[in-house]
Amino acid sequence: MEYLTFKLDNDEFAVDVLKTREIVDLRAVTKVPQSPEFMLGVINLRGSVVPVIDLRLKFGMAKGEVTQSTSIVVMDVLVNGETVVVGAMVDSVEEVMGLDDSQIEPPPRIGTRLNTEFIRGMGKQDEQFLIILDIDRVFSTDELLMVQGVAETSSADSI
Amino acid sequence: MSMDQYAETFREETLELLSELEVSLLELEQRPDDADVIDRVFRALHTIKGSAGMIGFDDISTFTHEVETVFELIRSGGMEVTSELVNLTLTARDIIKSMMEMSFGGEPVAPEMMTRLTAGLRALMPAETAAASDVASDVGAAVNAGSEETTYHIRFRPPANIYHRGIQPLALLQELTRLGRCRLIAQTDSVPELDELDPELCYVYWDAILTTGHDEDAIRDVFIFIEDDCELKILAINDDLLDSGQGERLGDILIQHGDLTQQELDQVLQEQAKPKLGEALLKAGVVSGSQLDVALEVQAEVKKRQKQRQVVDEATSIRVRSEKLDSLVDLIGELVTVQARLSQATAEDDNPVLAEISEDVERLTWEMRDHILNIRMLPIGTTFSRYQRLVRDLCRDLEKDAELVTDGADTELDKTVIERLGDPLVHLIRNALDHGMEKPDERRRAGKPEKGTLHLSASHSGAYVILEVRDDGAGINREAVRQRAKKQNLWTSEMENNDSELINLIFHPGFSTVGAVSSVSGRGVGMDVVKQAIDALRGSIKVSSLEGVGTTFTIKLPLTLAIIDGLLVEVSDEKFILPLSAVEECIELRRSDVVNANYKTLLQVRGELLPYLRLRERFELPGERPDIEQVVIAEVQGQRVGFAVDQVIGEHQTVIKALGQMYKHLRGLSGATILGDGTVALILDLPPLVQEAEICEREMVAAQS
């Protein structure tokens, strides 16, 4: 399988390349009031309104500085059984690489800063670890609800 | 076209026919003798049967055939229309619909239902026909299926010695009449005087006007044994004849029949003083009365056909998948956005040529927008028949007597709105009949007519459509609402004096005044569901009611969901759109006015105190508010409310884009739109904003006291 890799802080992440649509430069984001901080807002993507998420904030990292290489990875994500186009803001996009399943190990129970729910596995590339994300989980509404503070027992169970 | 496409077309057409059938049946119930209605029912059944057979849905075809047989019998006068028959046929219609849905992946139909229905229908038929119908109509149907009816003029002049050859012309003519609806006229002008008459010769010839589904060959077949010896003219009164322009004028018809020569005609025409040629010809003795009859009949048929064709021509339409229209709406949405950008770019650039082009593009875009949105508009009347049926069936179940009167069936609404309006309307009608409408004896005691009336009306009002569901039933019981409200802690002392606030409590989630749950309504889905559905369409619903007199629900809906006129405003560098249709005026609010006002959230406009809310505070936007704020005053659910913003920018053609799943839980915003500079602005959803503000205020007041 092929993966698109990108960087957040010093960590390298990967998503299934088939999930991604395109990579666009950071552009004017319209804030949507009363939504969690990691939900940056919406952008105009050739006439469509696409929500954008700051992955750093989503993963509990410090807010990053916007640089030349800051990009938005536009992806098809399954939310409540419906395909939704979502953008993820990342520090920089690295490359597309092939990884065999044998090169992927199950997610570690400890030692990562982020919710292991989001991790599909760990890949290894030239002594550098890659965190392979289960992007549908990252964007699941339970997660969003939880942050919005309206979640009930169902999402509490999943933590 | 692939088979799937045929099947899909069949499905669409059949659904249409089924709803036509429903309408016709309900009409038939009112006027059981109306031959036109009987014909319509028959034709609908016939077409369904025919096309189902063609497409290979034999089960539908066979079943429909059973029902059609009954109506064939009614049409020929062999049977009467009874209400039982209408009931059975309506059920049959439902079964046909289920069968079709089954073929397209729906639930299977219980075979015993079909058997029971068929048995019921047969029981209604006169005994001998019921038995015979199996065979006889099968044959007829096989020939008839799929072909359209044509009217022919046939002139049959047998050889004079026909009796010598042992052929009975009567038998031939009888066979001819069996082909369809036939009028025979015997022409006796060549019968000689009695002393010259040879009784063994045939002097008579016949004209027939035959309307049949068979073709010309079938007619010729009747005369096959003597075809070579007799004179047989068959003229189809069809489109070819119409196109040739012949058959319109009586003289032409007679000449064509050979009853009149051009010379004779010219002569009579010269002498003719009166406009009626027929009378003149008769007087001149050049044609006989019966010859004229035939010609007149042919002429009438031609005229009828011309009229039909005109109707068909006028109604020329094409069937387009609604997805295609949807994508067209999307495209025009993008075009409107791009056009806005173009206008903005031109405004910044001082180029008169470009400005002119930009204005043209703007004009064209807006025109196109209107046209495209118009294509999606459907008359709401298409759904009314469904409610007729609903009322009828409910009345039977509830032992009530009520009539649904509809008004404004041609009011047009966006297709999507109509579709999503179905369930709420069904709910309202159910409620009206179940809770509102009294039983006939109760109504009599109350001095009302036993038959209740339920009004469903639609009308335009600016950019809105107003729908009204009005009943003349018992009205909403205030005491019951009050009790219930107290029980659910919704009661406030203000409601004592404000009746409208009290009865509008019925839209509150989980509110129901009826103790027992009936099978018809009150299944735990309350009026709040109706309200939600209407809210989702960006509409509003209000109720007014007089005890003992009736209840009226008024629904106000926007014409279209895709593009609205908006008012663009700015608050701390963020742009928002308010639906312009709600906006009444904009006023300035000085900082000094605010300080002076006693009540913080009230604002004085020409002596009237209005509540207002600050978008900056509501959306927790950063920055200080300017010295002079702008307040947009809008009507929200019958109430004037102000929205304080930094700046009012102006009108904006707003193409509504959904915010989608990710922002599903957000209240107060109904979507987003793209502005001329390419950035995104959010569209405000006013009713929830106001509601929230009211709740906040109430909590604050409660906390203070």
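All chains are named by letter (A, B, ...) in the order of the sequence lines, taking the proteins before the strands, and each is independently numbered beginning at 1.
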Choice from Lys575(B), Arg618(B), Glu620(B) maximising heavy atom contacts with chain A below 4.5 Å: Arg618(B)

Residue, of Gly671(B), Gly668(B), Gly678(B), that accumulates the most heavy atom pairs under 4.5 Å with chain A: Gly678(B)

Which atoms of Val84(A) approach chain B - backbone, side chain, both or neither, heavy atom under 4.5 Å: side chain

Side chain, backbone, both or neither of Val50(A) within contact of chain B (heavy atoms, under 4.5 Å): neither

Side chains of Ser48(A) and Ile674(B) in contact at under 4.5 Å (non-hydrogen atoms): no

Minimum-distance pair of heavy atoms, taken over all atoms of Leu682(B) and Val32(A): CD1-CA, 3.9 Å

[atom1] ([X]) with more than 12 external heavy atoms under 6.0 Å:
X: Gln68(A); atom1: CD; answer: no
X: Arg341(B); atom1: CZ; answer: no
X: Glu334(B); atom1: CD; answer: yes
X: Asp349(B); atom1: CG; answer: yes
X: Arg27(A); atom1: CZ; answer: yes

What's the spacing between [X] [atom1] and [Y] [atom2] if we round to 0.5 Å?
X: Lys31(A); Y: Phe619(B); atom1: NZ; atom2: CZ; value: 13.5 Å
X: Gln34(A); Y: Leu669(B); atom1: CD; atom2: CG; value: 8.0 Å
X: Met662(B); Y: Ile53(A); atom1: CE; atom2: CD1; value: 3.5 Å
X: Asn44(A); Y: Asp677(B); atom1: CG; atom2: CG; value: 9.5 Å

